[in-house]
Structure formats: C-alpha cells, structure tokens
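Read through the structure below, which is laid out as structure tokens, and then see the notes.
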Amino acid sequence: MSIQPAQLRKDFPILERQINGHPLAYLDNAATTQKPRPVIESLVHYYETQNANIHRGIHTLAVEATKAYEDVRAKASKHIGATNTEDIVFTRNTTESLNLVARAWGDANLQEDDEIVLSLMEHHSNIVPWQLLAARTGARLRYADIAPNGLLQIDSLRKMIGNRTKLVSITHMSNVLGTINPIAEIAEMTHAVGALLIVDGAQSAPHLPVDVNQLGCDVFAFSAHKMLGPTGVGVLWARPGLLAEMDPFLGGGEMISIVRPEGSTWAEGPHKFEAGTPNIADVIAFGTALDYLHDLGMENVREHEKHITAYAIDALESSGGITVHGPRDIEARGGAVSFEVDGVHPHDVSTIVDAYGIAIRAGHHCAQLLMRYLNVPATNRASFYIYNEEHEVDALLNALEEAKRMFGNVDSRTAV
Ligand code: PMP
C-alpha cells in the first residue's frame with residue numbers, strides 16, 4: 001500500500017511542534033530523521049525492563065538483552081539483502097564503519113604508489129579516512145569527475161581504475177545532489193582489477209530497497225539515525241569471508257578469544273570488531289525502526305520520495321531565480337535537493353525560512369570537494385522522508401518568495 005504521510009505523522013511526536021509560531025516542516029532528513037513513537041518507546045522499554053550487559057552474563061536479563069541485540073543484527077542484515085547475519089558489525093555511525101575498514105583492511109593491504117579511487121561527490125566521511133590511510137601508507141588518491149547533469153562521469157572512473165587501484169570507495173547516493181550511482185557497474189570495473197569496492201550507503205539504505213548481492217560491493221556502510229533509528233548506531237557489512245581476513249580495529253573486552261601475557265587471539269565474526277560494551281539500547285531501538293520501515297515497505301518509501309522530490313524540483317525550478325543542482329531524472333536520484341536562491345546567501349535563506357517553521361540545511365554539507373566543483377561556497381538543501389507532504393514544499397516555496405523579496409530579488413512572475 002502506498003505511504004500515507006498524513007497518517008504516519010501521528011507517530012512522530014516532534015512533528016506536532018510549532019517553530020516560531022508555525023507548524024514544523026522538517027525538511028532536513030539527509031542530516032538526520034525524526035523518530036516515531038515505537039522507537040522512542042523501545043528505548044524506555046529496554047531500560048525499564050531489560051537493561052543488562054550483553055554476551056557476558058548467564059542471568060535472565062543478560063540473556064534477554066543479548067537476544068534482543070543479536071536479533072537486530074539479523075534485521076540489519078535482511079534490510080540490505082545480506083546472506084549472513086555474521087557479516088554485520090555494529091559501529092557508531094557510517095563514519096566509524098569507513099574508518100574501521102581504512103584501518104583494519106587498508107593498513108594491511110595498501111602500500112606506496114597504490115591508488116585509492118573516490119569521487120568528487122563524496123561526503124567528508126568517505127574522503128578523510130582514505131586521506132589518512134594514504135598518509136600512513138604512501139598510497140595516492142584519485143577523484144572521479146561529475147558530469148554537468150549531476151551524474152558520475154562513469155568513463156572517467158573507468159579510466160581511473162587500473163592496475164595500481166587497491167580500493168574504490170563511492171557513495172551509493174549523494175547527500176547533496178541526490179545522485180544514485182551505478183554501483184553494480186562500478187563493482188565490475190573494480191573487481192576486474194582485483195580491487196575492493198566500498199559503498200557509502202548512508203543516504204541509500206534509508207531511502208531505497210538495497211541488496212548488497214545485486215550491488216556486488218565488498219563493503220557497505222550506513223547509519224541508524226538517518227532511518228528513524230537513534231543516533232550512535234552504525235552498520236558495517238562486509239562480503240562473506242572479508243571480516244575474517246581483517247585485523248581488529250579496537251582492542252578490549254568482548255573482541256578476544258584468549259588473552260595471554262604475550263598476546264591475544266580474536267573472537268570470530270563481527271565480535272572481533274565490537275570491543276567493549278556496545279550501544280545496546282540504541283541498537284535494539286534501531287531494530288524497531290527497521291520493523292517500522294519494513295511494515296511500510298522500502299519500495300513504498302522510495303515511491304513516496306520520488307513523488308515528493310519531483311514535486312519539489314518542479315516547484316523550485318518554476319518559481320524563478322532559483323538554481324537546482326543534481327540530476328532531473330527522478331529514477332537516477334533520491335530526495336536530497338540542493339538549490340540556491342540567486343543573490344541570497346544560503347545561510348540567510350535558511351534563517352528566513354526557519355522563521356516560518358521550515359527546517360532546511362545551509363552549508364557545504366560535508367562535501368567541500370563538491371562545492372568547489374559546483375563553484376559555490378555553500379547551497380541550501382531540502383531533503384525528504386516518509387512523513388513529508390506537498391503542503392510543506394508549498395510552505396518552503398512561499399518562504400523562499402519572502403527571502404527573494406527581502407533581498408530585492410523578486411522574479412517578474414511572482415512580483416505583486
Ligand atoms: N555519507 C553520506 C553520504 C552522508 O550523507 C553522511 C551523513 N550526512 C555520512 C556519510 C556520515 O554519516 P554519519 O555522520 O552518520 O557517520
């Protein structure tokens with residue numbers, strides 16, 4: 001059944017808020033999403049009835065908490081079509097998942113003059129860990145270009161991937177342009193030279209049906225907080241066998257098998273990478289978020305977003321004096337829509353629309369390489385999720401008219 005945002009909104013207490021005397025229109029979902037009541041209640045329920053440290057005790061609470069935590073590993077695995085639950089590692093966020101791979105795989109497999117291939121549309125969390133790895137190993141970084149239509153220049157990428165390439169790390173969906181990249185095609189190019197393909201799924205896992213086997217990547221990383229879950233939970237999936245090849249990232253309790261004075265051996269599977277007490281309550285609440293999304297159906301989530309994104313792009317482009325970045329083909333993009341209002345600084349735009357209760361983002365969106373490519377210091381970004389409705393886009397457009405009026409940039413079609 002298709003998504004009924006007006007119904008869903010009742011599950012999100014925060015959407016009842018008034019901001020500056022107006023109903024909140026929350027259009028900053030690429031940064032983080034709001035949480036439905038079942039997710040919030042799941043946190044309270046855990047602390048009121050189940051709280052115990054996991055994998056350690058044999059008392060009833062510890063067993064219950066361990067089961068609840070491990071059940072979410074299975075849900076996260078299913079969410080991305082993974083074959084084995086044991087290939088899922090819980091981290092703090094996408095950023096930590098990528099850093100983990102850079103350390104645990106990168107340090108052991110890269111050396112001087114090897115190449116790491118990225119793209120110009122990457123989030124800093126998919127750039128900086130590789131820059132640090134390059135500095136440690138003497139490897140070189142290369143960045144694939146973007147075409148004027150906002151798509152990745154796939155031929156430039158193909159030429160860049162060669163015998164020196166050891167790893168390619170690319171976003172599945174851009175948090176600025178909305179672009180969805182052709183991961184399966186990139187996987188073929190990457191594997192043809194024996195390199196590893198890492199996918200930043202921070203924006204795709206919340207918004208699209210994802211199947212890591214169809215994508216053909218070796219690593220896939222995403223964050224719970226961008227998909228109705230709590231902050232502080234990330235997921236790292238690695239193709240079967242890869243985790244076993246990697247050394248630990250952090251050392252401590254729970255990640256060992258045997259500790260002797262002269263050294264230790266490691267636990268098997270994901271536990272090798274989950275040192276210390278994990279974020280138990282938030283992982284369990286993330287399981288509730290995954291249930292919520294799957295009750296809706298990821299196909300339906302995607303359909304709703306295509307609809308509202310097309311509506312927003314159309315409205316922004318026909319309003320005059322607004323430049324929209326990113327692909328126009330709705331099949332090739334997700335719901336992060338970056339734009340500029342001619343002659344008005346993005347921070348001013350954001351402040352003005354906030355006065356109308358509308359939350360959008362202004363800045364470089366942790367994508368300074370992309371800003372440089374677009375030749376702008378910053379953009380505004382509206383980004384959508386399951387609870388957004390057309391009237392919120394209309395409210396944004398009205399507030400943007402106010403921004404244009406205030407800065408003397410009134411389009412002839414809208415001037416009165
Ligand atoms: N990659 C992309 C494409 C993102 O949009 C984000 C979050 N803005 C991240 C990585 C980093 O996610 P987190 O802050 O949850 O680690």
Side-chain angles (χ1 to χ4, degrees), residues 26-35 76 79-80 89-103 118-132 143-144 146 150-152 168-181 183 186 197-208 210 215 217 219-237 249 279 282-283 285-286 289 305 309 325-327 333-338 359-371 373-374 378-385:
Y26 185 77
L27 305 179
D28 194 17
N29 293 286
T32 199
T33 61
Q34 299 304 346
K35 321 302 171 199
H79 180 72
I80 56 170
V89 178
F90 288 120
T91 61
R92 282 191 307 139
N93 45 38
T94 305
T95 305
E96 187 175 283
S97 299
L98 295 169
N99 276 277
L100 190 162
V101 180
R103 283 276 178 186
L118 311 173
S119 87
L120 286 178
M121 69 171 82
E122 299 310 315
H123 187 281
H124 295 164
S125 75
N126 196 26
I127 297 173
V128 183
W130 311 120
Q131 290 178 334
L132 292 170
Y143 296 91
I146 301 165
L151 299 179
L152 200 60
V168 176
S169 193
I170 298 281
T171 189
H172 194 182
M173 187 197 289
S174 161
N175 62 315
V176 179
L177 302 171
T179 313
I180 298 172
N181 288 317
I183 299 298
I186 299 170
L197 177 61
I198 295 154
V199 172
D200 171 357
Q203 294 295 338
S204 64
H207 301 277
L208 303 176
V210 169
L215 293 176
C217 54
V219 171
F220 189 89
F222 58 105
S223 298
H225 71 94
K226 292 180 194 287
M227 46 198 301
L228 309 180
T231 50
V233 178
V235 176
L236 167 69
W237 169 84
F249 171 50
N279 197 349
D282 292 306
V283 166
F286 176 41
E305 274 179 41
T309 305
H325 298 288
R333 61 163 302 135
V337 182
S338 282
I360 60 168
R361 185 77 178 260
H364 54 62
H365 317 290
C366 299
Q368 289 184 7
L369 300 188
L370 179 55
M371 294 298 117
Y373 164 81
L374 295 172
T379 68
N380 285 113
R381 180 186 69 192
S383 53
F384 306 104
Y385 212 26

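These figures come from a predicted structure and were not determined experimentally. In each ligand, atom 1 is the first atom listed, and ligand 1 is the first ligand listed.
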Requested in this report: Taking the side chain as every heavy atom from C-beta outward, state whether Asp282 and His225 have any atom pair closer than 4.5 Å.
Outcome: no

Query raised in the report: Who pairs with Ala378 by side-chain contact (heavy atoms from CB on, under 4.5 Å), at least two apart in sequence or on another chain?
Result: Pro346

Query raised in the report: Taking the six-membered ring for Trp, are Phe286 and Phe90 parallel (under 30°), tilted (30 to 60°) or perpendicular (over 60°)?
Result: perpendicular

Report task. May I ask you to decide if the ring planes of Tyr385 and His207 are parallel, tilted or perpendicular, using 30° and 60° as cut-offs? Result -> perpendicular

Query raised in the report: Is the closest side-chain donor-acceptor distance between Ser338 and His325 under 3.5 Å?
Result: no

Query raised in the report: Under 3.5 Å, is there a donor-acceptor pair between the His365 and Thr379 side chains?
Result: yes

Report all N/O contacts between ligand 1 and the protein shorter than 3.5 Å as a table of atom names and distances to 0.1 Å; if there are none, say 'none'.
unit_1	atom_1	unit_2	atom_2	d
ligand 1	1 (N)	Asp200	OD1	3.2
ligand 1	1 (N)	Asp200	OD2	2.5
ligand 1	5 (O)	Gln203	NE2	2.7
ligand 1	8 (N)	His123	NE2	3.2
ligand 1	8 (N)	Lys226	NZ	2.8
ligand 1	15 (O)	Ser223	OG	2.7
ligand 1	15 (O)	His225	NE2	2.8
ligand 1	16 (O)	Thr94	N	3.3
ligand 1	16 (O)	Thr95	N	2.9
ligand 1	16 (O)	Thr95	OG1	2.5

